[in-house]
Amino acid sequence: MGEFVMHRLFPIVCNMSLTASVVILAVLAVRRLLRRAPKVFSYALWAVVLFRLLCPVSVTSAVSLLGALGAPAQERSAVTSVVEYVPADIVRNMAPTVTPLPQEPFPAEPGKNIVSTAPSVTQPAAAPASPLSGPVAVLTLTWLTGMALLLLYSVISLLRLRRRLVGAVRLEDNIYLADYIPSPFVMGLFRPKIYLPSTLTETERGYILRHEQYHLRRRDHVVKLLSFLALCVHWFNPLVWAAFILAGKDMEMSCDEAVVRELGEDIRADYSASLLSLATGRRIVAGMPLAFGEGDTGGRIRNLLNWKRPQPWIIAVCAVVCVGLIALCAANPKGSGTPTEDPPASQAETGQWPSVEAYVQQVMLSQTEARYYAENADGTASGQPHTAAVTDRKLEYLTKGGELAGLDPDGVLEEWEYFYLVKLDVDTASVALVGGQYYDDEEYFSLDDRHVIVALRHDDGSYDILCDDSINDGGDFFGYHNTMEEAIYDWYVTDRKLDLPLYVEDWIDQINYNNPNDKPGNYPVHRYDVDGGYLYIPTSAWIMADVTAHRSHGHWEWYSGYDTGSILTVDRFTQTLEDEYITSRKQGFEPLDDTKQIWKRRQGGINERYYFYPTADGNGCWRVWTLWTDLGISNYVHIFIEPQVMYLMAESFTPTESLPAAGASTRTTMTSTYRAEVDGRAADLTVSYTVEQRNGELQLCSLDSARARNVHGWEQVHLAATVEQHQSLFGSGLYQYLVPVSYEADRGSGWETFQAVVEISLTGQYSPRRTLTQEELAAYNAVMDPAVRDESGDIVDLNIQPFSYFFSSYYENVRNLNFEEFIRYFPDSGQATEAEFEALKKLDDWPFKQVARMEDMPVPIHRHTVSSINEVLTRWGGITTSDLDTSGVCYLEEYDAYYTFTSDFNMFYFIAESGEQVGNYVYLRKSVENGNIAVLTLRLMPGTDEWQIVSHWRSGS
């Protein structure tokens, strides 16, 4: 509430007060011109001031006093606008030296909306995050205090007055006589009463009573209340006090004139005497919300004595002047067309921020200090953190991950992630980088974590920030959800404590492991929605069977990914529960207890259970069936818990007529298996992956896990296998993928690491596959081996092929080739000249600046033209130097050449021990240090005998 008052309400009040001040000055000027005119016109002019003091929005017009004065207006609708001298939410939006964040995103991955990196956000060092925050807070508190004191004073005065009215005698209707009041007044709002001093004579009472009745007839008691409330709100504005006092005088004088006009000019002397008789008493204070009395007796008498019945033409001119001024002062100029944060009440609720970018911008500006660890002389980090002033900030990225409509009634929920760097007022070299911290080429430091935001977008495009948490690359927020919409849904349901089922739960506390030391940190399960209910399925190790044809009849099925034979099915029946109980008993099932919800059967080492649930609509029932075998369950940690997990899955089933959805998830977990053979031994490799239905077609979302199973020949095979994510390749088209999998097996002499490629086909059509023969391996090795050997295998010469330098480093993609290592021993393109030597000495990264002459160089200079390098890169890798990071090698633009300096020699080669061809790709493998495997992936060029290198990869790297 305090944030709303300071950041939103107080600026609105200030804007209304400033706008009304302009109008008050205009009314004062015209009132001066009408000083000889009937006071009813001056009184009418104050209505537009009251309107400006109480209403922040007005209709727009091409003819407007504020428009002529250049007042800043913002549109609220097609016909209304608001004048903003003080920007809404001035504290948070104040950013005097901020470069606006860009709004156009760079091209991004499908499903991502990435706001491009912004220019640095600069602010003077040591400046407070929000310079106006403190003063505005003080002003707001002062304003609230003054308003409260004025209201309190009025209430106390009203109570004191009511005590003085004890014993008042009703004269007639709503007219009362009182002994202890010095002057007449009107009191009340809905049933106002007129109180007259009992000391008045009959003649005086007639004049004064007629005056008070005019007040009531014109609803002056309502106007007085509204005027007093406006005074309380704008008490800090002296022009408002002047308007309140002068409007009161005009009100009284116009009533006096009405009495004289009705009774005739001859009564002016007697009426003035009546007013004079009341002037000696103590006047009722005019600052009460429900009571007001008479004042300024002298001015009223002078006005009466000078009053003359006006000519009709004077009345017409005054009316035109008043109507014109009211129209000019009441209308707003047209706004800029960009609605601000404060739409009219008819529009949807407005958020605190015009955009997420504006919020992040303010977060960056608010960091004026940063904590860091200083680097000691020995290179270690200081034990205690230091504090430095932040002099600049730079946004690294701002990414919208997804949105969810329909859950929050006030708008759309969105997830965003952002990360920014800061520049410090300390020497860069003195900062110790710890915990993954770094600084870029411009010496901006990454000292803070990445952040995830959940924001609520209102209909008018403004935002409320619901949370801003530090995360690690956003993974903690997304977790095990299939979509970002699910993650937003679960966050909101948890945060608001809504009674709705989550998409992801954790069952780790409900499962007992045979070895407590093997218990993982969590056991995530995901909600799966069936037609009329839902249940939770573990996110890994359980595969949904392809029973598409049966789902229309109410059948769903999952089986264990460890090939244990465990299975769980969900079926919907039209029969009643009693009918199913009878059927179950005939099948040999018995109920566990009197509730008859769970039935069990055990025969031949097969363990089965039926779980029965009534449908939510009352038509039929649900049956969840679990089955596991004694033979299939072992002590392996993930298999031992399968019976427990199945029972939890069955117990989690919940019938429901409708489910709140985070956008229908069409993702499904599937598997693909390949039988790998090594020396007559076979193992089945199974890859689990997730697909999603998009535009009517399946697309691969993720590669999840892999497992291996001994088929025959091996002593043992380790169940867990490794999906080499970065080595996955497209096969023939978008719907086929080649996934290398590493697994461990023992053929009697200890554990060894092997690799095979599992193909995933979303169309059911697989690429031709075969194991390379020894002759084919020898042909590849003959090209890649730089050594020339005799018949006995001894090296008699060298024939180094340029492409052998592709083997000087490991890389997951040829575009990640280490160019510095690639070119270190690359063949020269001619001798470097003295002119080139002198040019090299001018380079910042040339390490031999102290060498005066080229002939004094301790190592030879090797010159490699870009054309000669690109010839090799293009032929054997399909790339050029422009595709690589070449920053670590000296380059002279005028010679278009790279330069290295080595005096030794080295050669690289790849001698394959095994290989296979899958479609147009060849995988060559050899054993390397520490039991790892080096894999060379080649792409065969269709219609030719040529090939190109795709990757040179090593397990364990």
Side-chain angles (χ1 to χ4, degrees), residues 438 722-729 738 740 742 753 755 757 780-787 798-829 845 847 859-891 897-915 921-939 946-957:
Y438 67 91
T722 302
V723 175
E724 307 300 347
Q725 301 268 4
H726 301 293
Q727 288 300 299
S728 302
L729 299 170
L738 306 179
S742 296
T753 301
Q755 193 217 49
V757 175
Y780 281 112
N781 289 337
V783 176
M784 298 181 189
D785 187 357
L798 293 176
N799 182 22
I800 299 176
Q801 299 290 339
F803 71 80
S804 66
Y805 298 104
F806 280 91
F807 308 139
S808 60
S809 62
Y810 291 106
Y811 41 87
E812 299 163 350
N813 185 295
V814 70
R815 284 175 168 76
N816 302 124
L817 170 73
N818 188 323
F819 182 71
E820 190 172 356
E821 292 299 322
F822 174 83
I823 201 176
R824 187 181 302 277
Y825 303 103
F826 199 79
D828 291 357
S829 303
D845 53 352
V859 291
I861 299 176
H862 305 287
R863 179 176 183 267
H864 313 286
T865 62
V866 172
S867 59
S868 65
I869 299 171
N870 282 344
E871 183 180 354
V872 176
L873 289 175
T874 303
R875 166 60 184 87
W876 299 102
I879 59 174
T880 66
T881 53
S882 62
D883 298 309
L884 303 174
D885 180 6
T886 61
S887 58
V889 182
C890 293
Y891 171 74
Y898 290 93
Y899 297 84
T900 60
F901 35 85
T902 56
S903 58
D904 55 356
F905 163 78
N906 200 356
M907 62 180 182
F908 305 91
Y909 53 90
F910 190 99
I911 305 301
E913 299 168 357
S914 63
Y921 292 90
V922 171
Y923 294 85
L924 301 175
R925 305 181 181 92
K926 72 172 182 177
S927 300
V928 293
E929 66 279 0
N930 300 323
N932 291 314
I933 303 171
V935 182
L936 179 63
T937 305
L938 308 177
R939 181 192 298 109
E946 297 180 350
W947 46 264
Q948 289 181 342
I949 295 173
V950 175
S951 65
H952 183 223
W953 165 85
R954 180 187 63 184
S955 63
S957 60

How many angstroms lie between [atom1] in [X] and [atom2] in [Y], if you round to the nearest 0.5 Å?
X      : Y      : atom1 : atom2 : value
Phe822 : His864 : CZ    : NE2   : 10.0 Å
His862 : Tyr899 : NE2   : OH    : 13.0 Å
Glu820 : Asp885 : CD    : CG    : 9.5 Å
Ile823 : Thr902 : CD1   : OG1   : 10.5 Å
Ser951 : Leu936 : OG    : CG    : 7.0 Å
Asn818 : Arg824 : CG    : CZ    : 8.0 Å

Do [X] and [Y] have side chains that approach each other closer than 4.5 Å (heavy atoms only, starting at C-beta)?
X      : Y      : value
Asp828 : Arg863 : no
Met784 : Leu924 : yes
Tyr923 : Leu738 : yes

field: Among Ile949, Thr874, Asn813, Leu884, the one residue meeting side chain to side chain contact (heavy atoms under 4.5 Å, CB included) with Ile879
entry: Leu884

query: Can Glu913 and Arg925 be said to form a side chain to side chain contact (heavy atoms under 4.5 Å, CB included), step by step?
result: CA-CA 6 Å; Glu913 299 168 357; Arg925 305 181 181 92; over 6 Å; no

- prompt: Taking the inter-plane angle between the rings of Phe908 and Tyr825 on a 0 to 90° scale, is it parallel (under 30°), tilted (30 to 60°) or perpendicular (over 60°)?
  reply: tilted

- prompt: Do Ser868 and Ser829 meet the criterion of a side-chain donor-acceptor pair at a distance under 3.5 Å?
  reply: yes

field: Donor-acceptor pair between Thr881 and Thr886 side chains, under 3.5 angstrom
entry: no

field: Residue among Phe803, Phe806, Phe910 satisfying ring pair (Phe, Tyr, Trp, His ring centres under 6.0 Å) with His952
entry: Phe910

How close do [X] and [Y] get, counting heavy atoms only, and between which atoms?
X      : Y      : value
Leu817 : Ser809 : CD1-OG, 3.8 Å
Val950 : Tyr921 : CG2-CE2, 4.1 Å
Tyr805 : Asn906 : CE2-O, 4.3 Å

message: Asn930: which residues meet the side-chain contact (heavy atoms from CB on, under 4.5 Å) condition with it, sequence neighbours left out?
response: Asn932

task: Decide salt bridge (charged side-chain N to carboxylate O under 4.0 Å, His left out) for Glu812 and Arg954; before the verdict, give the C-alpha distance in whole Å, the side-chain angles of both, and the deciding distance to 0.1 Å.
output: CA-CA 9 Å; Glu812 299 163 350; Arg954 180 187 63 184; over 6 Å; no

message: Ser808: which residues meet the side chain to side chain donor-acceptor pair (under 3.5 Å) condition with it, sequence neighbours left out?
response: none

message: Quick one: does any side-chain atom of Asn870 pair with a main-chain N or O of Ser867 as donor and acceptor, under 3.5 Å?
response: no

message: The test is side chain to side chain contact (heavy atoms under 4.5 Å, CB included); show your working for Tyr898 and Ile869 and say whether it passes.
response: CA-CA 9 Å; Tyr898 290 93; Ile869 299 171; 3.9 Å; yes

